[in-house]
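Notes follow once the structure below has been shown.
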Amino acid sequence: MCLSLTRMTDSSYFLSRCREELVSLLAAQGVNVNPGEVRDVEGDIDADLAVPLFRAAKERSESPQALAERLAGSLRLEGTRFASATALKGYLNLSFDKARFAQEVIADFSRGPDRYGRSDAGAGHTILIDYSSPNIAKPFSVGHLRSTILGQALHNILSFLGYRVIGDNHLGDWGTQFGKLLCAFTRWGSEDELERNPTTHLLSLYVRFHEEAKTSADLELEARDWFRRLETGDEKARSLWQRFVKFSTAEFGRIYDLLGVRFDSIRGESAYENRLSGVISRALERGVARREKPAAAMVTGGDEVGSDETVVIIPLDDVGIETPLILQKSDGTSLYATREIATAEYRIERWRPEKMLYVVGKEQELYFRQFSAALAKLGIPVPCVHVTFGLVRLPEGRMSTREGRVVFLEDVISEAIRRAEAVVQGRDLSPEEKARISRIVGIGAIRYADLSQSRIKEVVFDWNRMLALDGDSAPYLQYAYTRTRSILRKSEVQSPESKIPSPSSFALPEEFALLKSIARFPDAIVAAAETYEPHRIAGRIYRLARDFSAFYDKAPVLKAETPALRDARLYLVEMTGRVLATGLALLGIEVTDRM
RNA sequence: GCGCCUGUAGCUCAGAUGGACAGAGCAUCGGAUUUCUAAUCCGAUGGCCGGGGGUUCGAAUCCCUCCAGGCGCGCCA
């Protein structure tokens, strides 16, 4: 299921070259380890890489410490990237040759500052990502945010690694919910309101529908009938539905612009309508699906369905899933799954992806297992990966559109920008600059709050947490970036890239910590792509920003002791700034020169 | 009832393929600004990694079991 990129990017960047070199050094001594067993050293131990020798020692029935000591004595390090090897508690610890380390990291970077971290591992491969995919009849809530920004980040990351990525926003513009809206609008709707505040109006109709449906049992049936009319091409249903869609998509477009989210394709579920009957009939012909009497009387409305009515299902118990997938309801209309299968067929025909990622909440896990199994049975060979994420809840419980218990994304964005404005207030900047910076910082904070944590965990929405402007937050990283820009601006160096420093200039631990953070960046991108976890990148660049802040505090750049040191530090600042900007860009977060 | 996910410091979270003393942010307390923007830095306090068993030279990480929370379980999307 995971992308396997590690081997393909090996030897591209300093750390992977080191691991390989170390593995071959050990192999020359008759000790076999995998590059994956080589560990980065964190903490107080004075070394850069470490090899645990417990497994290798066991194979040759030797004590790990004895083996480590023997290797530390016998490894021939002249001419390698390592300056020394020591044995400690069964580990073989290696320290970099510092000058060579600095030289190679700088060389990796100077090959192409904007390309640092990139690879061509995905060249020639196409991946489709389904993300955001909101129901357009409802306002954009913070619940939709996760899919939107996770998907966008994965799009950025995979593209950076050379893949051809198709981001497809699969708008929810079809289905029973539209039956409900049509029903509600014809009963209680207002033309004026629809034009003025489409999603707000549709939301209140949706809420009212569910209110009234509690006491009026016929309403659900009426809604079902409206959907049936829509799907069978009824004039009135069609034209009304079209207007719902038109007004709503306009509002969504505004939010996407504000968030800086882009898609390669935006298509509604309705676009696949003409393929639905084909999906159902082919499934029946192949013997994958079958018609069946409804298992039970319809719950909603209390009416018994006619005895001649049938549903079309794909049984999945033979592949370990008890619940079958339903393709057609007893009234002949389609379901989400039917439309998804049609969509998958279309996507494969059009883009020929080798894999399709669905960035969809965890609550749909069973559904996706059914969906994948159904595709396999239908002979569709492209694997689907459900990139799940935890639900966003409110402290008082689950968000519910129909009960009006939601936080709207627009309100969150406004509040984020407002808080950023408060900080930037005292700065000596034009009002336009302040507005621009507040937007970049506020939206960055929102995105980072989500992308800095593993996606599987559920989130209890909290204003302060989502809009943090200090500590482990986007503004912290953006601020570190502005400091790099500020130094470079004042240095009056036209192009620091032209002044590649002598690597032996570096001496401070803060300088090496910074270099090491930069050296680790490429691996983080690969890890993020392999696990579909952008927070791997967030963690890496946060650490880089911390290392930079410590460096900033300790090591004067413009007033460095010697011109050579000044140049060397300027280059370090340049690298840091670029890596921060690249990493943030992968997360969809902008930077600014001042803030 | 069955299935999936989660449980790490007061709060919010990192801890890839099991590895050296479990790391951050917030909060609390104490320091740092004639020096490149203090949305900053340095330090302190704070953890039987939900409980209990097991596998292993080694477990927050793997297995079993229990507890707590979330989500799901045929005509919603």
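Just so we're on the same page: letters track the sequence lines, and every chain starts at 1. Just so you know, these numbers come straight off a predicted model, no measurement behind them.
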Is the shortest side-chain N/O distance from S549(A) to OP1 or OP2 of rU40(B) below 4.0 Å? no

Donor-acceptor pair, distance only, cut-off 3.5 Å: does the side chain of R146(A) make one with the backbone of G390(A)? yes

Gap in Å between the two P atoms, one belonging to rA14(B) and one to rC2(B), rounded: 30 Å

Let me see the working for K180(A) and H210(A) under side chain to side chain donor-acceptor pair (under 3.5 Å), right down to the final yes or no. CA-CA 9 Å; K180(A) 291 176 180 173; H210(A) 284 97; 3.3 Å; yes

Send over the distance from D547(A) CG to rA24(B) P, rounded to a whole Å. 12 Å

Is R224(A) near enough to rC75(B) that one of its side-chain N or O atoms lies under 4.0 angstrom from OP1 or OP2? no

Quantified in whole Å, what is the P atom distance between nucleotide rC21(B) and nucleotide rC49(B)? 15 Å

Check the angle between the aromatic planes of Y272(A) and H170(A) and answer parallel, tilted or perpendicular using the 30° and 60° thresholds. tilted

Would you say K58(A) reaches rC57(B)'s phosphate, i.e. side-chain N/O to OP1/OP2 under 4.0 Å? yes

Side-chain N,O (R39(A)) to OP1/OP2 (rA20(B)) below 4.0 Å: no

Rounded to whole Å, NE2 of H386(A) lies from P of rG3(B) at a distance of 21 Å

Check the phosphate of rA38(B) against Y479(A), side-chain N and O only, distance under 4.0 Å to OP1 or OP2. Yes or no? yes

Would you measure the distance from the P atom in rA60(B) across to the matching atom in rG15(B) and give it in whole Å? 16 Å

Ring centroid separation for F368(A) and Y358(A), is it under 6.0 angstrom? yes

Please report, rounded to the nearest Å, how far the C1' atom of rC73(B) is from the OH atom of Y367(A). 16 Å

When you measure from the side-chain N and O atoms of S454(A) to the phosphate of rA14(B), is any distance below 4.0 Å, counting only OP1 and OP2? yes

Considering every strand shown, what is the Watson-Crick or G-U wobble mate of rU34(B) when both distances are under 3.5 Å? none

If we call it a pair only when both distances are under 3.5 Å in a Watson-Crick or G-U wobble match, what pairs with rU6(B)? rA68(B)

When rounded to whole Å, the CG to P distance for the pair L171(A) and rA77(B) reads 15 Å

Looking at the side chain of P475(A), which of rC75(B), rC41(B), rA39(B) is the nearest nucleotide? rA39(B)

Taking the C1' atom in each of rG3(B) and rA16(B), what is the distance between them to the nearest angstrom? 27 Å

N/O (side chain, T176(A)) to phosphate O (OP1/OP2, rA77(B)) under 4.0 Å: yes

Students often get this wrong, so: under 4.0 angstrom with heavy atoms, is I45(A) touching a base, only sugar-phosphate, or nothing? base

C1' spacing across the pair rU61(B) / rG50(B), given as an integer number of angstrom: 16 Å

What are the two closest non-hydrogen atoms of I487(A) and L558(A), and how far apart are they? O-CD2, 3.8 Å

In whole angstroms, how far is the C1' atom of rC26(B) from the CE atom of M466(A)? 17 Å

Establish, with yes or no, whether the OP1 or OP2 oxygen of rA77(B) is under 4.0 angstrom from a side-chain nitrogen or oxygen of K138(A). no

State whether a side-chain donor-acceptor pair under 3.5 Å links R339(A) with S334(A). yes

Give a yes/no on whether any side-chain N or O of R427(A) is located under 4.0 angstrom from OP1 or OP2 of rA39(B). yes

State whether the distance check finds a donor on one side and an acceptor on the other, under 3.5 Å, for side chain R543(A) versus base rA14(B). no

In this structure, how many angstroms lie between the P atom of rG72(B) and the CD atom of E365(A), rounded? 12 Å

Using purine N1 to pyrimidine N3 plus N6-O4 or O6-N4 for Watson-Crick, or N1-O2 and O6-N3 for G-U wobble, both under 3.5 Å, which nucleotide pairs with rA60(B)? none

Of the listed nucleotides (rC36(B), rC75(B), rC5(B)), which one gets closest to any side-chain atom of V311(A)? rC75(B)

Examine distances only and state if a side-chain atom of E511(A) and a backbone atom of L508(A) form a donor-acceptor pair shorter than 3.5 Å. yes

Check the side chains of Y542(A) and S473(A) for a donor-acceptor pair under 3.5 angstrom, ignoring hydrogens and angles. no

When you measure from the side-chain N and O atoms of K457(A) to the phosphate of rG70(B), is any distance below 4.0 Å, counting only OP1 and OP2? no

Look at the side chain of D472(A) and the base of rA14(B), then say whether one donor and one acceptor between them are separated by less than 3.5 Å. no

What is the separation between atom CG on L391(A) and atom C1' on rG69(B), rounded to the nearest whole Å? 13 Å

Whole angstrom is fine here: how far is it from CD1 in I437(A) over to C1' in rU37(B)? 11 Å

Report yes if at least one side-chain N or O of H170(A) is closer than 4.0 Å to OP1 or OP2 of rA77(B); otherwise report no. no

Does a nitrogen or oxygen in the side chain of R291(A) sit under 4.0 Å from OP1 or OP2 of rC75(B)? no

Please measure how far the P atom in rC11(B) lies from the corresponding atom in rG51(B), and state the result in whole Å. 15 Å

Measuring only the P atom in each nucleotide, how far is rU45(B) from rG25(B)? A whole number of Å is fine. 15 Å

So, OP1 or OP2 of rG58(B): does either fall under 4.0 Å of a side-chain N or O from K89(A)? no

Any Y476(A) side-chain N or O less than 4.0 Å from OP1/OP2 of rC41(B): yes

